[in-house]
Amino acid sequence: GRSRPFLNLGAYYQRKSMTEQAERYLATAEALGDRGGLEQNMRFNSGVVLQLKKKHPEALKALASAEALGYTDTSLHYHRAESLFALGQFAPALESFSIALDKAEKNPLQHSLVPTLRIRRVEAAMAAQRFDEAISGFTALLQANPNDPRLLLGLGMARVGKGETQAAL
C-alpha cells in the first residue's frame with residue numbers, strides 16, 4: 001500500500017527514539033488508510049511512540065487497537081506490560097510479561113529477548129507482591145548467574161516479602 005514508506009520511516013525513527021519524526025510519518029501512514037498488516041503495524045508503532053513519550057494510557061489504547069486488528073507479536077505484550085507497569089498496574093503487567101516471555105521462549109528468533117523478559121517479569125511479580133512467583137523467577141535467573149548481586153538481593157527481598165526472613169539471610 002501507499003502507506004508502507006511512511007510506516008517504515010516511522011518505525012525507523014521510533015527505533016531511534018526520535019518520537020516527533022516517528023509520529024509525523026506514522027500519522028501520514030494512518031491518513032493514507034491502508035488496511036490489514038500495514039494498519040496493524042502502524043497502530044503498534046504508534047503505541048510504542050506514545051510509550052516513549054510517557055503517554056501510557058494512549059499507548060495502551062493504540063496497542064489494544066493493534067491487537068484488535070490481529071497483531072499478536074511478542075513485542076505487543078512486552079510494550080503493553082511496560083506501560084501497565086509504568087501506570088502502577090502491576091498484576092496485569094505481570095500477565096503481559098508472562099505472555100511475552102512464553103512467546104519469546106517458543107520462538108528461536110526471539111531467544112535474545114528472554115533474559116530481559118525474565119527480569120522484567122520478576123520485577124513485576126515483586127511489585128504485584130506475588131512473592132512466590134518472584135522467588136521462583138529469581139531462583140531460575142540465579143541458575144544462569146549464581147553470583148549476581150542484584151538477583152541475590154531480589155531473592156532476599158522476595159523472601160522477606162513472603163515472611164521468610166530467616167531464609168532471606
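Thr139 is linked by a side-chain contact (heavy atoms from CB on, under 4.5 Å) to Ile135, Leu155, counting only residues two or more places apart in sequence or in another chain. Residues passing the salt bridge (charged side-chain N to carboxylate O under 4.0 Å, His left out) test with Arg130, sequence neighbours excluded: Glu95, Glu133. For His77, the ring pair (Phe, Tyr, Trp, His ring centres under 6.0 Å) criterion is met by no residue, not counting sequence neighbours. Looking at residues two or more places apart in sequence or on another chain, you find a side-chain hydrogen bond (donor to acceptor under 3.5 Å, both in side chains) between Asp102 and Lys106. Here Ser96 pairs with nothing under the side-chain hydrogen bond (donor to acceptor under 3.5 Å, both in side chains) rule; sequence neighbours left out. With sequence neighbours excluded, the residues forming a side-chain hydrogen bond (donor to acceptor under 3.5 Å, both in side chains) with Asp132 are Lys162, listed by chain and number.
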Can I get a per-line list of side-chain donor-acceptor pairs under 3.5 Å for residues 147-154, giving both atom names and the distance, sequence neighbours left out?
{"residue": "Asp148", "atom": "OD1", "partner": "Arg150", "partner atom": "N", "Å": "2.9"}
{"residue": "Asp148", "atom": "OD1", "partner": "Leu151", "partner atom": "N", "Å": "3.2"}
{"residue": "Arg150", "atom": "NH2", "partner": "Glu123", "partner atom": "OE2", "Å": "2.1"}

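Both Phe6 and Met18 are assigned to one and the same hydrophobic cluster, defined by single-linkage of ILVMFWY side chains at heavy-atom distances under 4.5 Å. In this structure, Leu113 is not a member of the same hydrophobic cluster as Leu76, with clusters built from ILVMFWY side-chain heavy atoms closer than 4.5 Å. If you chain together hydrophobic residues whose side chains sit under 4.5 Å apart, Phe131 and Leu142 fall into the same group.
Leu50 forms part of no hydrophobic cluster, judged by ILVMFWY side-chain heavy-atom separations under 4.5 Å. Using a 4.5 Å cut-off between side-chain heavy atoms of Ile, Leu, Val, Met, Phe, Trp and Tyr, Ile99 forms no hydrophobic cluster with any other residue.
Between Ala22 and Gly10, the shortest heavy-atom distance links the atoms CB-O, 3.4 Å. Residues Ala11 and Asn45 approach most closely at CB-ND2, 3.7 Å, considering heavy atoms. Leu117 and Ala104 get closest at one heavy-atom pair: CD1-CB, 3.6 Å. Between Gln40 and Ala66, the shortest heavy-atom distance links the atoms O-CB, 3.7 Å. Annotation for Leu26 and Met42: closest pair O-CG, 3.8 Å, computed over non-hydrogen atoms. For Ala134 against Ala158, the heavy-atom pair with the smallest separation is CB-CB, 3.9 Å.
The stretch residues 90-124 participates, sequence neighbours left out, in these ring pair (Phe, Tyr, Trp, His ring centres under 6.0 Å) pairs: Phe85-Phe90. Sequence neighbours left out, the pairs with a member in residues 54-76 that pass salt bridge (charged side-chain N to carboxylate O under 4.0 Å, His left out) are Glu67-Arg80. Every pair passing side chain to side chain donor-acceptor pair (under 3.5 Å) that includes a residue from residues 9-21 is listed here, sequence neighbours excluded: Glu20-Lys53.
Contact check for Leu9 versus Thr28: no side-chain heavy atoms found under the 4.5 Å cut-off.
Atom-to-atom distance recorded for Glu39:CD and Leu69:CG is 4.5 Å, nearest 0.5 angstrom. Taken from CG in Leu84 to CG in Leu63, the straight-line distance is 9.0 Å, to the nearest 0.5 Å. Separation of atoms CG (Leu101) and NZ (Lys103) is listed at 12.0 Å; rounding is to 0.5 Å. The distance from atom OG of Ser46 to atom CD of Glu23, rounded to the nearest 0.5 Å, is 8.0 Å.
Judged purely by atom type and a 3.5 angstrom limit, Gln51 uses its side chain to pair as donor or acceptor with the backbone of His79.
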Just do the side chain to side chain contact (heavy atoms under 4.5 Å, CB included) check on Leu7 and Tyr25 with the steps written out, would you? CA-CA 6 Å; Leu7 176 62; Tyr25 286 110; over 6 Å; no
Step-by-step side chain to side chain contact (heavy atoms under 4.5 Å, CB included) determination, Thr74 to Asn107: CA-CA 9 Å; Thr74 303; Asn107 184 342; 5.6 Å; no
